[in-house]
Student: 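Have a look at this one before I ask anything.
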Amino acid sequence: MPRTVLVQFDQLHREHGALRAAVPGRDRILLVESERMTTGRRWHVQRLWFMISAARHFAAALEAEGFEVDYRKAATTVEGIREHLDEFGERAVVTADASSRRLRASLEAAGVQTVPNDFFLTSRDEFQAWASSQKTLVMENFYRRQRVRLGILVADGKPTGGAWNFDADNRLPPPKGHVYPQPLSFEPDEIDRQVLAEIEGRRKAHPEDYWGENPSGVWGTTRAAALAQLDDFLSNRFQNFGPYEDAMPRDSWSVYHSLLSPYMNVGLLHASEVIEAVRVRFLRGGVSLASCEGFVRQVIGRREYINGIYWSFNENYRETNGLAANRKLLPLYWNPQATEMNCARSVVEDLRERSWVHHIPRLMVLSNLALLTAINPQEYLDWMRQTFIDASEWVMVPNVIGMGVHADNGQMMTKPYAAGGAYVNRMSNYCGGCRFDPKKRTGEDACPLTTLYWDFLDRNREGFARNHRIAQQVKGLDRLSDLPEVRVRAREVLAKLEAGDL
Ligand code: SF4
């Protein structure tokens, strides 16, 4: 029976998924640009542009290799498959298992055959076997096991350098007067321009469906661009990745980050290629073990763990709202001018410009603010999915529901990542240029994060007091002689943030 290989938009790798065994002349290729994926949400222009342009470039590369490629637009992926079968006749349609629950269910119902999803280093079964052997799903335990299983930075089962973790050497605040390396810039080609013109046309007709700036060369959309980004990271940023991985300097949006997540999450780069390149570069010397370990942890630890968590919890996990948070998304998430909080405004401005900020502004500014202001987790999750260039469903569901806003009753993280202005003040230079004072919790110039942090602990005092990981922070409430004033100021802050007036 003839065969069609369905290439999903996050499976853009010739050596992985169903494409691995595909042969030009024998197998047809199908890519479906579905309306369900591209419309009906308020997409950041660059996120949408990157997804579509990367897929069209990949389709062109397969064509150049000799495949007959059917790249079609359709209402849904399943509809596109039906139209493909109508045109080319009955045939087996094969794809790699989808990376989101919804698409997986639709493809299964449509009778599409699947091969295992090998876009990660850990299969879903492997993760499940580990998860079932654990009392709690502690990321650090998973990561250490990964190091041994994959043989990375270990010898005889022991960690290189005598420690699994070099956090004490990493996570420094931004250095003063530092000059950061400039990230690469990519020239758009004909396909990039065509995709952007289509999006701009739709944006003109429906401006409310889009936000963010047009692409400005920060992101490439090809395998060659992905490899160039990897090479640039290893040559110019890897050495200092670890020490400054948590720093939020105002004068550098990229700091020493790899900028590889968009490429990895659509399949243009595989984690095994990244890790092998990192290993080789580390062996050449000139990169500290702390930097190497910090990066390896992100790739073989955190990324794999998050994907495993997504598949471990059932489909209801996405809808959990354990803290009963029901506030609407604050205006500042769409419009940075709606706030005077320098941290939030700067981060959202960066997002408008590039559809990306690194993990600490995501967690400790955007998600922290969502947690402290009790924004509805699903509304916030939708915003994250539409905004970040690398926001796959499997990444965002655990990262937002479990880690960002602690909506899952602690199934993933045992305590909420809540912080006041002191953390932002330590790890960034936002506070210096802000009209608020990170140390103050009451008064007109009190830092909204600091006020809301104490109010958050106060509102959840009863539940958190039973959690030994946060009980100490909750006890701090007893030392606040001005708690009544904090409560009053918190009401004012929340009302003003809702009105886009603080
Ligand atoms: Fe953000 Fe508060 Fe610092 Fe202002 S003072 S930048 S609001 S943490």
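Being a predicted model, the structure only gives us computed values, none of them experimental. First listed ligand is number 1; within each ligand, the first listed atom is number 1.
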Student: Mind checking the CZ-OH spacing from Phe50 to Tyr263? Nearest 0.5 Å is all I need.
Tutor: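 The OH atom of Tyr263 is 5.5 Å from CZ of Phe50, to the nearest 0.5 Å.
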Student: Verify the distance criterion only: is there a donor paired with an acceptor across the side chains of Tyr380 and Ser367 at less than 3.5 Å?
Tutor: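 Tyr380 vs Ser367: donor-acceptor pair found between side chains.
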Student: Testing Arg441, Lys440, Arg489 for salt bridge (charged side-chain N to carboxylate O under 4.0 Å, His left out) with Asp482, which one passes?
Tutor: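 Passing option: Arg441.
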Student: Mind telling me whether Tyr256 and Tyr180 have parallel, tilted or perpendicular rings, with 30° and 60° as the class edges?
Tutor: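 Tyr180 and Tyr256: tilted rings.
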Student: Quick one: is the NZ or CZ of Arg42 closer than 6.0 Å to the six-membered ring centre of Trp334, and within 45° of its axis?
Tutor: yes
Student: Any salt bridge (charged side-chain N to carboxylate O under 4.0 Å, His left out) pairs touching residues 226-241, not counting sequence neighbours?
Tutor: Asp232-Arg237
Student: Tell me the protein N, O or S atoms under 2.8 Å from atom 2 (Fe) of ligand 1, in chain and number order.
Tutor: Cys447 SG
